[in-house]
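To start, the structure under review is shown below, and the notes come after it.
Read the numbers this way: they start at 1 and go in the same order the structure lists the ligands and their atoms. Not measured: the values here are computed from a predicted model.
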Amino acid sequence: MPKGFKNLNQAENLESKRQTNSIKTPLHIAIIMDGNGRWAKKHGLPRIQGHRKGVDNIRNIVRIAMINKIQYLTLYAFSTENWSRPASEVHGLIELLASVIDRETKELHKQNIRIKHLGRTENLSQNLQRSIQKAVEITKNNIGLTLNVAFDYGGRNELLEAAKNIIREKVNPDLLDETSFEKYLYSSGIPDPDLIIRTAGEMRLSNFLLWQTAYSEYYFTKTLWPDFDEIDMDKALSEYYKRKRQFGQIEDESN
Ligand code: FPP
């Protein structure tokens, strides 16, 4: 039985859905990992324990993404707005990123995973900036899953920075189009996400990938991020395979 599935039927059902709908596997899934705090509260634990459990689940979801042949996985780990959380929580999240990078890079590299960072780095410590750079550098030629970690990321900030750099470089406005604009984004070169998953019941984008989600499909679930498992991913994918993606066009009537 393929790893990540609780029974063979589940794996076969998903495979047959793929074939009967002849809709391609999503190339890129992006996840808003919400509900760590509520998970901790539910279990009578401090919030940081919820974030730790959330990190444990990242390992699981990376494995499931690879089983499902997803090429790009983007995780919203820390937003530009998250700085306004209590200092102890901000500190805890930053510490968590630092320890995850130091602990996991070797293993991710072994699995042929390419790590990318989306977001600002200037507000992070020199040490953390170096760790991020190192993880990106070591894994840059890997051709397996691309894992984009959005940390100190905000969609509006990304667009603003792009605009500033375009002005700084005195780009001719008549030569600027969607393709050339995209090169100024943190996500330059990464295909737009096909599917956005948000856990924990909220139904909003919260400043995530504002440019890149123009034609993404959305899947919302009440499951809290630390509990989001292969069954939830299977449900999200099944839902995605049912969607008809037209990208603003109409169906070809000759079909
Ligand atoms: C939302 O839970 C979670 C975040 C702030 C981002 C996700 C963070 C992690 C999975 C851990 C850190 C990841 C890395 C890579 C360092 P919440 O606190 O908003 O939950 P709540 O809405 O239930 O309070």
Side-chain angles (χ1 to χ4, degrees), residues 29-65 72-109 111 113-121 123-125 127-136 139 145-155 157 186 193 196-209 219-229 232-233:
I29 295 185
I31 308 182
I32 304 173
M33 308 177 290
D34 199 6
N36 295 343
R38 275 164 280 173
W39 184 94
K41 194 169 176 198
K42 200 170 122 188
H43 292 83
L45 295 166
R47 288 179 62 84
I48 194 67
Q49 285 300 114
H51 294 312
R52 289 210 179 100
K53 198 73 187 162
V55 168
D56 289 345
N57 201 34
I58 291 177
R59 233 173 268 125
N60 194 29
I61 290 307
V62 164
R63 186 178 56 82
I64 294 165
Y72 297 84
L73 180 67
T74 300
L75 302 174
Y76 203 7
F78 190 90
S79 73
T80 47
E81 289 73 31
N82 285 154
W83 292 104
S84 52
R85 290 191 176 201
S88 59
E89 184 165 343
V90 169
H91 183 72
L93 281 164
I94 290 177
E95 285 285 293
L96 219 46
L97 177 67
S99 65
V100 167
I101 294 183
D102 291 342
R103 208 178 51 221
E104 307 285 342
T105 301
K106 218 166 146 188
E107 183 54 34
L108 294 172
H109 185 41
Q111 295 179 43
I113 293 173
R114 177 171 64 152
I115 302 171
K116 277 184 170 260
H117 170 246
L118 308 185
R120 307 184 289 206
T121 51
N123 298 322
L124 308 176
S125 71
N127 265 349
L128 186 50
Q129 290 188 29
R130 267 195 295 272
S131 296
I132 295 173
Q133 255 168 24
K134 207 168 127 194
V136 170
T139 63
L145 175 80
T146 296
L147 178 63
N148 303 308
V149 181
F151 198 96
D152 202 8
Y153 173 87
N157 163 258
Y186 296 127
I196 304 292
I197 296 174
R198 181 166 187 153
T199 60
E202 261 33 273
M203 294 195 209
R204 55 176 170 265
L205 203 47
S206 300
N207 204 10
F208 190 40
L209 304 176
Y219 177 80
F220 298 105
T221 172
K222 290 206 163 90
T223 305
L224 305 176
W225 171 249
D227 294 329
F228 187 90
D229 61 10
D232 294 289
M233 183 62 103

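When every heavy atom of Gln129 is checked against every heavy atom of Leu124, the shortest pair comes out as NE2-O, 2.9 Å.
Side chain of Asn207 to backbone of Gly155: a donor-acceptor contact under 3.5 angstrom is found. Within the 3.5 Å criterion, the main-chain N or O of Ala200 finds a donor-acceptor partner in the side chain of Arg38.
Contact atoms of ligand 1 toward Ala77: 6 (C), 7 (C), 8 (C), 13 (C), 14 (C), 15 (C) (distance under 4.0 Å to a heavy atom of the residue). Interface of Val55 with ligand 1, defined as ligand atoms under 4.0 Å from a residue heavy atom, comprises 11 (C), 12 (C), 13 (C). Using a 4.0 Å cut-off to heavy atoms of Arg47, the atoms of ligand 1 that qualify are 17 (P), 18 (O), 24 (O).
Using a 4.0 Å cut-off between heavy atoms, Glu202 makes no contact with ligand 1 at all.
Arg59 contributes atom CZ, which lies 10.0 Å from atom CG of Asn57 (distance to the nearest 0.5 angstrom). Here CD1 of Ile31 is found 8.0 Å from OG1 of Thr199. Values are rounded to the nearest 0.5 Å. Distance CG/Leu118 to CG/Leu209: 7.0 Å, rounded to 0.5 Å.
Residue Gly35 places a heavy atom less than 4.0 Å from ligand 1. Using 4.0 Å as the threshold, Asp34 has a heavy atom nearer than that to some atom of ligand 1. Contact between Tyr76 and ligand 1 is present, with at least one heavy atom of the residue lying under 4.0 Å from the ligand. Ligand 1 has Arg85 within reach: a non-hydrogen atom of the residue lies less than 4.0 Å from it.
With hydrogens left out, the protein atom closest to atom 1 (C) of ligand 1 is Met33 O, 3.3 Å, a heavy atom.
The shortest N or O to N or O distance between Arg38 and ligand 1 is under 3.5 Å. Considering backbone and side-chain atoms alike, Asn36 places an N or O below 3.5 Å from some N or O of ligand 1. Below 3.5 Å of separation, one finds an N or O of Gly37 facing an N or O of ligand 1.
Phe208 and Tyr153 have perpendicular rings, their planes meeting at more than 60° on a 0 to 90° scale where under 30° would count as parallel.
Counted within 6.0 Å of NE2 on His91, heavy atoms from surrounding residues, nucleotides or ligands total 12 or fewer; the atom is thus considered open.
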